[in-house]
Amino acid sequence: MTFQYAASVGDLGTEEAMLVELDGADGAPVPVAVVRDADGEYHAINDICTHGQVSLSDGEVLGCLIECWLHGSQFDLRTGKPMQLPATKPVAVYPLKIDGENVLVDVDNAL
Ligand code: FES
C-alpha cells in the first residue's frame, strides 16, 4: 500500500469536495475526489462520473452521497455504488487515512 498526501484536514468543510491528482502505480495521474460528508468523515473516490466522464468533485455532497452535476446520478461515498440513475456503474473508492493534519489516499488499492 502506498498512501500519498492528498489534502490537509482543514481544506474541507462538511459536505465539501475537492479534486486532487495523485500518482497511479503505472505513473499515470489518477483524478481523485476527496470528500467530507455531513458527519465530517473523509472519503476518496475516483473523480470521474461513470456515466458521462465529468468531474464529480464539481457536484454537490448530500449526506454520504455525491451528486453528479450533469445528470444527477448520486454515488455512495462509502461504496462507490450509484444510488440514482442514470449511472449504473460504481466509481472506485480508495483507502484513506488521517495522519495528524494530513489526509492520505492509496490509489493503488481501490476497495
Ligand atoms: S455525467 Fe454524471 S450522471 Fe451523467
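These numbers were taken from a predicted model, which means no experiment stands behind them. Along the sequence shown, residues carry numbers from 1. Basis for what follows: all heavy atoms, side chains included, without hydrogens, waters or symmetry-related copies. Ligands are counted one by one from 1 in listed order, and the atoms in each one are counted from 1 as well.
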How far does CD of Gln74 sit from CG of Leu62, to the nearest 0.5 angstrom? 5.5 Å
With a 3.5 Å cut-off and sequence neighbours excluded, list the donor-acceptor pairs that the side chains of residues 82-96 form with protein atoms.
{"residue": "Tyr94", "atom": "OH", "partner": "Asn46", "partner atom": "ND2", "Å": "3.0"}

Here's a test for you: under side chain to side chain contact (heavy atoms under 4.5 Å, CB included), which of Val32, Val61, Ile45 qualifies with Leu56? Ile45
Distance, nearest 0.5 Å, that separates CG of Asp99 from CG of Leu104: 5.5 Å
Glu15: partners by side-chain hydrogen bond (donor to acceptor under 3.5 Å, both in side chains), with sequence neighbours left out: none
At a cut-off of 2.8 Å, what protein N/O/S atoms sit near atom 4 (Fe) of ligand 1? His51 ND1, His71 ND1
Going by the ring-ring contact (aromatic ring centres under 6.0 Å, His included) test, which pairs reach into residues 43-84, not counting sequence neighbours? His51-His71
